[in-house]
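Sequence lines set the chain letters: A, B, ... in the order given, protein chains first and strands last, and positions in each chain run from 1. Keep in mind it's a predicted model, so treat the numbers as computed, not measured. Only heavy atoms go into these numbers, but all of them, side chains included; no hydrogens, no water, no symmetry mates.
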Amino acid sequence: MPRFHRALAVAGATLGACLAAAPGPAEEPVTFLGGRVVLGGEASGTIAPQDEGWFNYSDYETSTLRLFRLDLAAEARLLPFASVLLDVRSDNLDAPRVYALYLRLRPWAGREIDLQAGLVPPVFGAFPRRRYASENPLPSLPLAYQYLTSLREDAVPSRAEELVAQRGRGWRVQYPVGSPEPGPGLALVHGERWDAGLELRLGREPLSLAVAVTQGTLSYPLVRDDNGGKQVSARFAWTPSPSLVVGISGASGEFLSGEVTKVLPESARGTFRQEALGLDLQWSAGYWIARGEAVWSRWTLPALDATRIVDPLDALGAYAEVRRKLRPGLYVAGRVEGLAFSEIPSAAGRATWDAPVTRVEVGAGWTPIRHVLLKASWQHNWRDGGRIRENDLVAGQVVLWY
Amino acid sequence: MSDPRFARVELSKGRSGRRRPLSVYPLLVLPLLPLVTASSPAQEPRPPGGTIRGRVEVRREPGGGEARPAVADLGHHAPRDVPERRRSVVYLETAPQAAFAAPRPGRAVLDQRNETFVPYVLAVTVGSTVDFPNSDRVYHNVFSLSKVKRFDLGRYPRGRSRSVRFDQPGVVRVFCEIHSHMSAFVLVFAHRYFATTDAEGRYRIDGVPPGAYTLAVWNDGEVRDRKEVRVAGDGIEQDFVVE
């Protein structure tokens, strides 16, 4: 029995048992030691037909639309000004992995200054901090946070033609320099993993600034540094009224791993960075929430053989999302988004370095009882490259949270 | 219920939010006293009949309404108030049939303040309207998926209020969609023989006609105790201990 189907069976049984266990799951998180330790969690099962175009894969083996995820979160409030936070996940019944583990400190009481150190939530953008299935109105992830481009952090093309040849094949790419194994490409921002480091938040509302220094980069977060370079990222948020939140983000960090840089010829050595800018907006009132985000990312690759990749590689991902509640417990939602890439010269002429993608998704969510959310959606994908250039996917998701 | 003079009201035990509704006879409602926690019947001219008074001592340690672990936040959360979970509602499970007769719906307020519903428990009579003002700087989104009353008031800012009319008896669990730690109860009665305890746990139900009744105490989502009482003349005193 394939692992996904086994996971699906377990998911169905788990969720069915929870639903059947009337009168219902706990209304509040589990606490220990007089409320000093609080547990929360989420179980979600998402099912969709095989995504032959790999539009929804977040790595070579995992489609975000064919995923059973168990998530356990804990907060230990050690002192009024210090907490330890932990988030452990298991996907498709794989061994659990630590998604977040960090210390949260407020060094000065009464001042809006917070420090977090460890495997911390990203400061860049808005979506990664609401990636939990219960907070995402649709089953899928925005392309900018999930779609695998044809770039890798541990292998690089030596010529422009090798890069262009991989357009639309980001789920499994192979290049001659660096790791010889084929592997998945990078998303603009990795929505499924957090980075390790130190972050500082100043202020809360209406103005706040968060700055982080971390080991990896937006597209390849790390626990242990693999290239000796750090990433600096920041987000400035402005909340002029409860209905509107505007965020501006930026990040810069070395993204190529030491596995690649150590094999580069002397003439091609240098600093190879991912730089990114982001703009996020959220407006809400009454029964409406509208969100939009744009992420621009630039990667610099080493210039190697003839038809060198001299110019940096740019990508722009943007989405607009709307949710409208129709009645208690029932909503409809939609998201329109696109990914665009800069052009590079190659022997075959100028071409975008990866194939542009457009996605439209509409869906609905229903909460029959408070801790259960059922979602269904239809999505259509277009891509200007790759073996499969267009597909339709219908997805269903069950989310149980506490 | 064999005695036609009485109707039975039942707040079944069970887990919060999924309780069976108050099973009352489908009768008209009696006047409600104005605002609930503060709606002690003593504030109105005392109706004829006896008084049941006493104190509810809550010994159990109520939960603090802890928020889920905010792992994705970039810092500490703003301080918030702790809901008053020691407040209880004492009511007659069996009430005189006549108590259901003369409807006078009331109006009550369930405020949203420092990310807490105030009061935590509100008891009203059927037909009453409850206002949900937002007194916080942030948005709130009050909703309930209770069978007795499903509603969703949407997001609205500080200074705005929206209302819900409760036209069926039962227990309504109220939440905020944005702040999952916020919750409250609205207990909707088909008669007026109930009272919410004050800060010291005291309660008082006036105007109870002489007779034998089942007196129940509800605290933090469950019926915690029941006592058989007999009211004669001026009334009686009945205390409860909630362990």
Ring-face cation contact, B/Phe175 with A/Arg370, 6.0 Å cut, 45° max: yes
Report yes if the side chains of [X] and [Y] come closer than 4.5 Å at any heavy-atom pair, otherwise no.
X	Y	answer
B/Pro69	A/Leu39	no
B/Ser180	A/Trp401	yes
A/Tyr132	B/Arg68	no
B/Asp73	A/Arg201	no
A/Glu75	B/Val71	no
B/Leu145	A/Ile369	no

Rounded distance (nearest 0.5 Å) linking atom [atom1] of [X] with atom [atom2] of [Y]:
X	Y	atom1	atom2	value
A/Leu209	B/Leu74	CG	CG	10.5 Å
B/Tyr139	A/Ser241	OH	OG	6.0 Å
B/His77	A/Asp114	NE2	CG	11.5 Å

Interchain contact, [X] with chain B, by part (heavy-atom threshold 4.5 Å):
X	value
A/Ser208	neither
A/Ala210	side chain
A/Ile113	neither
A/Pro206	neither
A/Arg131	neither
A/Pro128	neither
A/Ala237	neither
A/Leu105	backbone
A/Thr239	neither
A/Ser284	both

Most heavy-atom pairs under 4.5 angstrom with chain B, which of [options]?
options	value
A/Ser83, A/Gly329, A/Pro328, A/Ala100	A/Pro328
A/Gly34, A/Gly41, A/Ala76, A/Ala285	A/Ala285
A/Ile289, A/Asp87, A/Leu86, A/Leu200	A/Ile289
A/Pro122, A/Pro121, A/Ala74, A/Ala212	A/Pro121

Which of B/Gly154, B/Ala70, B/Ser144, B/Ala72 touches chain A most, by non-hydrogen pairs under 4.5 Å: B/Ala72
Minimum heavy-atom distance between A/Glu205 and B/Arg137, given as atom pair plus value: O-NH2, 4.0 Å
NZ/NE/NH1/NH2 to OD/OE distance under 4.0 Å, B/Glu66 and A/Arg36: no
Can you tell which part of [X] gets under 4.5 Å to a heavy atom of chain A, answering side chain, backbone, both or neither?
X	answer
B/Phe143	side chain
B/His140	neither
B/Glu61	neither

Pair B/Asp152-A/Arg327, salt bridge (charged side-chain N to carboxylate O under 4.0 Å, His left out): steps then yes or no: CA-CA 7 Å; B/Asp152 188 323; A/Arg327 51 188 304 173; over 6 Å; no
Crowding at CZ, A/Arg130 (>12 non-hydrogen neighbours, <6.0 Å): yes
Heavy atoms of other groups near B/Glu177 CD, more than 12 under 6.0 Å: yes
Member of A/Arg204, A/Glu112, A/Arg104 meeting the side-chain contact (heavy atoms from CB on, under 4.5 Å) criterion with B/His76: A/Arg104
